[in-house]
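What follows is one structure encoded as structure tokens, with my remarks underneath.
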2 protein chains.
Amino acid sequence: MNLKQLSELLGLSQTTVSRALNGYPEVNEATRERVLQAVKETGYRPNKAAQRLATGKAGSIGLVMPTAPDHYSDVHFGEFLTGLGEEAVRHDFHFVIMPADPNDEVGALRRLAISGNVDALFVAYMRGHDPRLPMLKSLSMPFLVHGRSFGSEPDYPYLDIDNEAAFYDAARLLLQLGHTRFALLNGPEHLDFAIRRKNGLVAALSERGLTVAEDCMSHTSMTDELGQSAMERFLQMPERPTAILCSSTVLALGAIRAVNQAGLRLGEDVSLIAHDDVLPHLKPENFSVPLTTTRSSLRAAGVRIAQRLIGTVKQDGPFPEQELWKTELIVRASTGPAPRQDQNLGGV
Amino acid sequence: MNLKQLSELLGLSQTTVSRALNGYPEVNEATRERVLQAVKETGYRPNKAAQRLATGKAGSIGLVMPTAPDHYSDVHFGEFLTGLGEEAVRHDFHFVIMPADPNDEVGALRRLAISGNVDALFVAYMRGHDPRLPMLKSLSMPFLVHGRSFGSEPDYPYLDIDNEAAFYDAARLLLQLGHTRFALLNGPEHLDFAIRRKNGLVAALSERGLTVAEDCMSHTSMTDELGQSAMERFLQMPERPTAILCSSTVLALGAIRAVNQAGLRLGEDVSLIAHDDVLPHLKPENFSVPLTTTRSSLRAAGVRIAQRLIGTVKQDGPFPEQELWKTELIVRASTGPAPRQDQNLGGV
DNA sequence: TCAATGTTCCAAAGCGCTTTGACAAAAGCA
DNA sequence: TGCTTTTGTCAAAGCGCTTTGGAACATTGA
């Protein structure tokens with residue numbers, strides 16, 4: 001069934017049917033109803049290729065997927081993608097992926113752009129001075145980055161959360177509670193969000209003349225096992241930290257296991273604040289000791305990014321070029337006053 | 001630059017240029033050269049949408065990506081995807097992904113099929129009695145599955161490795177070396193490959209009247225941390241196993257850490273055979289004690305699957321409907337004769 | 001009543017490619 | 001030489017949609 005057949009069936013012209021379908025105003029409501037009804041009955045679906053040829057829009061956004069360990073290989077990316085997908089389905093958009101060696105991300109991105117299969121590009125997992133940025137700017141194709149690239153001129157469209165402020169605020173809270181020995185369970189060192197979160201922590205501490213010891217910062221992929229082993233290391237230190245900042249509830253999950261196994265009490269012997277991406281299977285309020293968190297929904301970010309990208313393609317705009325979302329600092333039971341000095345020094 | 005302009009530039013008809021480009025025989029070699037040269041100079045690229053409309057082929061294969069923890073979230077999938085991608089790029093094909101809640105994989109697959117954006121579908125991570133199968137068969141769109149679905153009629157196109165034979169053979173080798181106490185570090189229980197590998201092990205053992213204790217089988221995602229913790233559990237058992245079968249070199253990595261930490265020697269106190277997917281960053285020959293493995297390249301499987309899928313779309317066929325690749329059993333130093341009874345029983 | 005303004009619909013012209021059917025020119029054959 | 005094949009090329013007809021530029025009709029205001 002194609003447009004022509006459908007229009008003949010209805011005794012209308014293709015123009016009218018097309019307009020009825022695409023929500024143009026110059027068609028009688030009654031006529032539109034008839035058309036919609038016929039579509040339902042016949043199961044008509046417009047031919048994508050024809051639509052694309054006629055409009056010049058493919059209805060798709062492209063992304064390159066580095067096929068390496070550590071990359072896109074975690075729950076967080078899945079959660080983000082879910083948001084992206086939700087919104088895309090709503091607008092009948094789709095995603096084109098280009099699997100690529102992480103050493104050739106730039107090339108893959110370029111190939112994706114010139115392939116003619118996508119209307120816009122999406123990139124994530126930004127690093128400092130990210131080389132993809134200059135390339136994207138040289139392309140004449142809309143793009144949007146999730147996150148930012150530390151050290152690059154911020155003249156590109158992005159959506160990010162204020163990671164620095166999040167961890168700055170979290171650290172301030174712990175400082176106010178009297179903590180002085182901090183540790184950081186962070187994501188991979190080269191990633192922008194990890195850089196900024198560390199900076200936030202460092203900035204808050206330096207206002208009090210404090211620092212984080214180098215061996216009190218762990219940079220790993222964000223799995224609970226790695227959170228656990230890093231935390232175990234921290235807890236074995238002679239002057240073990242009492243305040244832990246954690247880049248993900250997933251890391252926190254492992255970290256708390258380590259705390260428990262060491263016979264310590266969360267929120268008393270050790271205070272912990274985790275960043276909460278609002279992963280549905282890992283709610284901070286459901287931890288046995290509910291977690292104090294900096295919160296920002298990853299899925300919501302996915303939805304918003306899809307919105308902006310799709311809007312740009314459809315020229316629904318205008319959208320703000322750059323968005324920096326504030327995180328919420330939500331206090332629960334995992335943070336408490338710093339333990340008295342003499343208690344901290346004890347082992348298990 | 002489009003075909004019309006290019007052909008005018010060359011003083012040829014669109015027909016001839018099109019044919020020159022698409023490798024049709026009825027065009028003079030000299031003419032073809034001229035055309036190719038002009039393409040190089042002008043940077044002409046055929047419009048995908050137009051090609052698609054004219055041919056009815058989108059040049060794309062679709063896959064749904066469940067956005068849940070544990071799923072597609074490991075190195076193995078990345079490696080496979082790399083192979084798929086390599087071949088796709090070679091044929092100028094692309095992938096369309098549909099991120100989906102794992103509870104709605106079937107729906108997502110259907111939506112992908114009727115979206116009109118793909119020519120063929122690919123599915124992986126098959127489970128027993130997989131509900132996607134009947135749905136795929138009801139569609140009139142080519143598809144190919146990686147793996148099989150235990151318990152389903154094997155009347156669908158697939159490419160799989162003979163997981164059962166692999167672990168059967170591996171177990172036989174260990175039996176011949178005198179081992180009697182086996183353990184299995186397997187992938188997620190519901191996945192087809194895990195089912196079959198377990199069956200292979202069980203079959204080999206039962207020929208000798210042996211079994212694997214329920215608590216000597218671990219079913220987890222395939223990360224090294226989980227391999228380590230499972231192995232630690234095994235090693236603490238009063239009658240600890242001396243023969244370990246391992247579904248991935250990634251799991252083995254952790255398992256061996258546990259062996260070392262227990263002060264045991266791999267290949268002497270404990271023998272281990274892992275399945276080797278030929279992950280480039282994890283070569284069994286580079287382990288401090290080189291690993292005996294059952295080997296089959298995941299990337300090669302990706303390439304082959306892309307070949308078949310693309311070939312089917314282009315009607316290059318015929319391809320075999322079903323392929324079952326044998327794995328290679330490669331003996332290295334991680335396997336040795338079973339230790340004498342009295343030695344096994346000792347602790348660290 | 002009549003011109004002016006909406007409202008609702010249509011015919012036809014693309015979008016840029018592939019492919020069919022025809023046709024000269026060149027080559028093979030007797 | 002005249003005849004059939006083969007070779008190399010072309011014009012034109014789609015593929016199925018969107019969109020432009022009217023046109024017919026109904027409605028309004030004076």
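Naming: A, B, ... by sequence-line order, numbering from 1 per chain.
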Sugar-phosphate, base or nothing in reach of A/Q51, heavy atoms under 4.0 Å: sugar-phosphate
Base-contact (B) and sugar-phosphate-only (S) positions in nucleotides 10-15 of chain C, heavy-atom cut-off under 4.0 Å, - elsewhere: BBB-BB
Salt bridge (Lys or Arg N to Asp or Glu O under 4.0 Å) contacts touching residues 147-158 of chain A (sequence neighbours left out): A/K137-A/D155, A/R148-A/D160
End-to-end axis angle, where each axis spans five pairs of the helix from C/dT1-D/dA30 to C/dA30-D/dT1, to 10°: 40°
Value in whole Å for how far the P atom of D/dC17 lies from CZ of B/R52: 12 Å
Whole angstrom value for the distance that separates P of C/dT18 from CG of B/L3: 6 Å
Listed partners of A/E87 passing side chain to side chain donor-acceptor pair (under 3.5 Å), at least two apart: A/R90, A/H91
Protein-nucleotide distance (B/N28, atom CG; D/dC10, atom C1'), rounded to Å: 15 Å
Options D/dT9, C/dT8, C/dT19, nucleotide nearest the side-chain atoms of A/E26: C/dT8
A/Q307 side chain to A/R304 side chain, donor-acceptor N/O pair below 3.5 angstrom: yes
Mutual orientation of the aromatic rings belonging to B/Y125 and B/F77 [parallel < 30°, tilted 30-60°, perpendicular > 60°]: perpendicular
Distance, rounded to the nearest Å, where A/Y44 contributes OH and D/dG16 contributes P: 10 Å
Listed partners of A/T15 passing side chain to side chain donor-acceptor pair (under 3.5 Å), at least two apart: none
Closest non-hydrogen atom pair, A/T42 against A/L9: CG2-CD2, 3.9 Å
Ring-ring centroid check A/H146 A/Y158, cutoff 6.0 Å: no
Residue pair B/V118 / B/M141: nearest heavy atoms and the distance that separates them: O-CE, 3.3 Å
Interatomic distance, B/R34 CZ vs D/dG8 P [rounded to whole Å]: 14 Å
Atom-to-atom span, OH of B/Y24 to C1' of C/dC17 - whole angstrom: 12 Å
Pair listing, salt bridge (Lys or Arg N to Asp or Glu O under 4.0 Å) test, anchored in residues 47-58 of chain A, at least two apart: A/K48-A/D92
Spacing of B/E8 atom CD relative to C/dG16 atom P, expressed in whole Å: 13 Å
